[in-house]
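Quick notes on the structure that follows.
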Amino acid sequence: MSVYMEPRESARYWFGNDERRILEVLAGRYVGANPPVPFALRAFAKSGVLQTREGLYDMNLSVKLPEANNGDYAYVYGLVWSDDERSIDGVMEPLGPIRLYVNEEQLYRSNAVDEMKPGARAIIPLLLRKGWNAVLVEARKTEAGFGCRFGADEAKVRIMQVLAPFAGREGSAGWVFTGSMKSQLYGSERGFPDFKLAEEETGLTWLPRVKWTKEEAKLPNCERLFGRPVQPAAAYGWSGLQLPSASDTLMLEGHALGPTSIWLDGLKVIELQSAGAYRTQVSASSGFRQLVVHSVSGSGGWGFELNVYSGGNLLPLEMPAAVHGGEGAWLYAGPLDPEAEPDPAAVCTTTALYPAVDSEGRADGHTYWMIDAPQSMVRPYYENAMLSNKWTTGSATNYGRWDYPLGVTMYGLLRTARELNRQDLADYALGHIRSCTDRYEYSLWDRDQYGFPSVNHQLVLIKMLDNCGSFGSAMLEAYLQTGDEQFRTIADVIADFMLRKLERREDGAFYRLCPGEYAADTMWADDLYMSAPFLIRYAAATGQNEALDEAARQFLLYKRYLFIEPEGVMSHVFDFKYGKATRVPWGRGNGWCLFSLSELLEKLPEDHQSRSALLAMFQELCAGVALLQSDSGLWRQVLNQPDAYEEASCTAMFAYAFARGVRFGWLEGKESYAAAAHKAWQGLTGGAIDRQGNVHGVCSGSRYSYSPEYYMYDLRTVVNDNHGIGIMMLAGVEISRMSSVIKLRDAHTRL
């Protein structure tokens, strides 16, 4: 009997020892299940509810509704989508009396202590159903305050994206809130607003407003969006139109209130030196055509009108990118320096920022696209797995997410692509990585504008190695393949964090300070993987051997704290609060160590001062781990506990390390280690990888404990958990390479 499936369902039953076919199936299933869906562009009102740097939505209604009196009520309302039924922890920090309803069920009511204690915080389990979940917050004003801060615990990992309710706001991001009122309006006994209706049907005015007043609507487009500048300023307008004919003659006509240039698919077709009407005829072929307008303010106002005709018929213009919640046909960016020469090719993108100026014409940071509505910015959102967490993938795509398990996955895909000579797999992995890096500058700006980023959450809010090392290593692997300098630039930021800013013990060892958290003052075996592979590749990419030396140093320091004598394995964690290691050899924690140490030994020069000690460490760990392999070929969740379940991700890591040790000649008794690696691979392909390429038996993400039972019974396995998919591919690559080396050695011996 196989470990996690019937033998007939296993990859081994159908593909035997053909590692290449199994790699194809693993990679193909992952790519098929995670299509390259782009970030969602949504309209977002900057005057609405913003987030704190921790990711909580700041519903301080004393600021939003300064006219409210003590005793008044107000409501904040939003929608959360969940791909499956799931539970997450919500965080509530009341600033006054608060009630929280989810799907018309009251989940929280503040008490006197919550309301009066500064910094009070409640953790609220949120059970979210599949589909839309309506979240309503009721706040009452007192002398203590008015409103709350609310969101998901660990918000940069468990992304809780909130969309606006009501038909007129469909697709736009953010909460809506009422004005102040004298009495309660909603609740268990009073009913709740129907988010599917138009907001006017509630009888209330909901903020932030998304419609212009009649007076504002009469202003020229750029003027109502950006005001009337004291000094001349410019703005971009970006739109498009679909031409069905093979070729067409178009008539462009309109009026501008200042110097204006217009491009059609990068070709300048209009250039006005001053305000006035224009009319020109151009030819265009079928397909979606891009229009860019550069409008400079004039003495009579600021804005433009543009109509396009074909055969005397007015053609409809449309938004050049899909912006959910955005009406109209144009995106706008401004105010800009009127003297800067526009490049239409650089304008037609949603990944760039544009240098901004203030009303006096002075440089004023950057700006981004907005729609023709009050303070309505466009924001890209990672919401492919809404309410995704670091441990389960749900049913949505992982594409575009920056986090550490996906760093292993991208590395596995890049190695698999080379092994199979599959450029399509390499392009997919590079596309995922670039979807993050292309928006790096934007995500920094977004964080500073709105308090909390909408994309690249962990990258731009780096606090620990988990946030940057693993995906950063995959990014550097991509850099070493492509030479893309953007990858290098971001790697410099990560390297500076690791080498200059990361918390260290007195002896220089990396550790987790995490003040106020359960993991405060701890050292995790996992962090050898979160740091060393990145530092190794950074040294290769830059020639800065300091990074390679640091990786070597950390392994020897961690061994002092975590190595368990005489078993030859590593504790998962050393807790400095108690001054001792947990002495629980968690399987994947040991896997991270051996995996990363094998990568270090591959790149460490033969004459490096630490090489002999690190080679001895590798050999000790391999020997200790080899003794604990089960009859099935897999290793256990807690390595030295016979009753622990057999776990697939640590098995793949040990197979990877053993195969590399044999291939590079680091291990004595190569035959026994080669046999152990093959046995592990057979156990995985026969019991953990099925014929569709699904990966079974991978432990979910771990906290830590001094008790083995926590790992054995609280942490269960998840099908297609991202912690295991990439390492399965990497193990398959190394088993294939080890087999090739052994065949060559055997052939050479026979000769």
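Sequential numbering from 1 along the given sequence is applied to the chain's residues.
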Query raised in the report: Do R716 and Y645 have side-chain heavy atoms sitting under 4.5 Å apart?
Result: yes
Query - Nearest non-hydrogen partners of D403 and Q458, listed with the distance - result: CB-NE2, 3.1 Å
Query raised in the report: Between Q637 and Y711, is there a donor-acceptor pair closer than 3.5 Å when you use the side chain of the first and the backbone of the second?
Result: yes
Query raised in the report: Do the side chain of R537 and the main chain of P533 share a donor and acceptor less than 3.5 angstrom apart?
Result: yes
**Report entry** Pairwise distance CD1(I88) to CD(E154) - rounded to 0.5 angstrom
**Finding:** 11.0 Å
Query raised in the report: Would the Y704 and Y518 ring centres measure less than 6.0 Å apart?
Result: yes
Report task. Hey, could you give me the CE/OG distance between M498 and S531, rounded to the nearest 0.5 Å? Result -> 6.0 Å
Query raised in the report: Do any N or O atoms from the side chain of K156 and from the backbone of L461 form a donor-acceptor pair under 3.5 angstrom?
Result: yes
Report task. Return the minimal non-hydrogen interatomic distance between E647 and V698, and the atom names on each side. Result -> OE2-CA, 3.4 Å
Report task. Please work out whether the ring planes of Y428 and Y30 are parallel, tilted or perpendicular, with thresholds of 30° and 60°. Result -> perpendicular
Requested in this report: Apply the ring-ring contact (aromatic ring centres under 6.0 Å, His included) test between F658 and each candidate in W681, F618, Y673; give the one that qualifies.
Outcome: Y673
Query raised in the report: Is R636 reaching over with its side chain to a backbone N or O of S630, donor-acceptor style, under 3.5 angstrom?
Result: no
Query raised in the report: So, the side chain of K577 versus the backbone of D521: is there a donor-acceptor pair under 3.5 Å, distance only?
Result: no
Query raised in the report: Is there a donor-acceptor pair closer than 3.5 Å between any side-chain N or O of S596 and the backbone N or O of C593?
Result: no
Query raised in the report: Is any side-chain N of the basic residue among R415 and E477 closer than 4.0 Å to the acidic one's carboxylate O?
Result: no
Query raised in the report: Which atoms form the tightest heavy-atom contact between I536 and A551, and what is the distance?
Result: CG1-CB, 4.4 Å
Query raised in the report: Take atom OH in Y578; do more than 12 heavy atoms of anything else shown fall under 6.0 Å from it?
Result: no
Can I get a per-line list of side-chain donor-acceptor pairs under 3.5 Å for residues 562-571, giving both atom names and the distance, sequence neighbours left out?
| residue | atom | partner | partner atom | Å |
| --- | --- | --- | --- | --- |
| E567 | OE1 | N640 | ND2 | 3.0 |
| S571 | OG | L562 | O | 3.4 |
| S571 | OG | R583 | N | 3.2 |

Query raised in the report: Can you find a pair of side-chain heavy atoms, one from L413 and one from M729, that are under 4.5 Å apart?
Result: yes
Query raised in the report: After noting the C-alpha distance and the side-chain angles of L502 and F497, does the key distance pass the side-chain contact (heavy atoms from CB on, under 4.5 Å) rule?
Result: CA-CA 6 Å; L502 184 62; F497 169 75; 3.7 Å; yes
Requested in this report: Please lay out, stage by stage, how I725 and L26 fare under the test side-chain contact (heavy atoms from CB on, under 4.5 Å).
Outcome: CA-CA 8 Å; I725 296 169; L26 280 167; 5.6 Å; no
Requested in this report: Among T522, D526, T582, find the one that has a side chain to side chain donor-acceptor pair (under 3.5 Å) with H572.
Outcome: D526
**Report entry** side-chain contact (heavy atoms from CB on, under 4.5 Å) assessment of Y656 paired with S598
**Finding:** CA-CA 9 Å; Y656 178 90; S598 76; 3.6 Å; yes
Query raised in the report: Below 4.0 angstrom, N of the basic side chain to O of the carboxylate: do E546 and R500 qualify?
Result: yes
Query raised in the report: So, the side chain of T685 versus the backbone of A11: is there a donor-acceptor pair under 3.5 Å, distance only?
Result: no
Query raised in the report: When you check the gap from the basic side-chain N to the acidic O, do D18 and R20 get nearer than 4.0 Å?
Result: no
Requested in this report: Spell out, as yes or no, whether a donor-acceptor pair under 3.5 Å connects the side chain of Q629 to the backbone of A676.
Outcome: yes
Report summary line: Value for OH (Y404) from CE (M530), rounded to nearest 0.5 Å, stands at 4.5 Å
**Report entry** Heavy-atom check, side chain of I22 versus side chain of M728, under 4.5 Å
**Finding:** no
Report task. Give a yes or no on whether R21 atom CZ has more than 12 heavy-atom contacts from other residues, nucleotides or ligands under 6.0 Å away. Result -> no
Query raised in the report: Taking atom CG of D89 and atom CG of L126, what is their separation to the nearest 0.5 Å?
Result: 7.5 Å
Requested in this report: Go through the structure and list residues passing side chain to side chain contact (heavy atoms under 4.5 Å, CB included) with S739, not counting sequence neighbours.
Outcome: E19, H678, I735
Query - Check: G587 main-chain N/O paired with N590 side-chain donor or acceptor under 3.5 Å - result: no
Query raised in the report: Around E602, counting heavy atoms of other residues, nucleotides and ligands shown, do more than 12 lie under 6.0 Å from its CD?
Result: yes
Query raised in the report: How far does NZ of K501 sit from NZ of K463, to the nearest 0.5 angstrom?
Result: 15.5 Å
Report summary line: Closest non-hydrogen contact found for L601 with R611 is O-NH1, 2.9 Å
**Report entry** Residues in ring pair (Phe, Tyr, Trp, His ring centres under 6.0 Å) contact with F654, at least two apart in sequence or another chain
**Finding:** W635
Query raised in the report: With sequence neighbours left out, what residues match Y710 under ring pair (Phe, Tyr, Trp, His ring centres under 6.0 Å)?
Result: none
Query raised in the report: Checking S470 side chain against D466 main chain: does a donor-acceptor pair fall under 3.5 Å?
Result: no
Query raised in the report: Are C436 and L459 side-chain neighbours, meaning at least one heavy-atom pair lies under 4.5 Å?
Result: no
Query - Option passing side-chain contact (heavy atoms from CB on, under 4.5 Å) with F487 (candidates I433, L480, L476) - result: I433
Query raised in the report: Is the shortest distance from a Lys or Arg side-chain nitrogen in R512 or D527 to a carboxylate oxygen in the other one below 4.0 Å?
Result: yes
Query raised in the report: Does any non-hydrogen side-chain atom of N722 lie less than 4.5 Å from one of V408?
Result: no
**Report entry** Atom pair OH (Y479) and CD1 (I490), whose distance is rounded to the nearest 0.5 Å
**Finding:** 13.0 Å
Report summary line: What one should report as the nearest heavy-atom pair of G407 and Y529 is C-OH, 4.4 Å
**Report entry** Shortest non-hydrogen separation from V718 to S700 and the atoms involved
**Finding:** CG2-CB, 4.0 Å
Requested in this report: Kindly indicate whether the side chain of L406, heavy atoms from C-beta on, has any atom under 4.5 Å from the side chain of H432.
Outcome: yes
Report summary line: Across all chains, not counting sequence neighbours, the ring pair (Phe, Tyr, Trp, His ring centres under 6.0 Å) partners of Y538 are F534
Query - CG (D631) with more than 12 external heavy atoms under 6.0 Å - result: no
Query raised in the report: Who passes ring pair (Phe, Tyr, Trp, His ring centres under 6.0 Å) against F576, sequence neighbours left out?
Result: Y511, Y561, F574
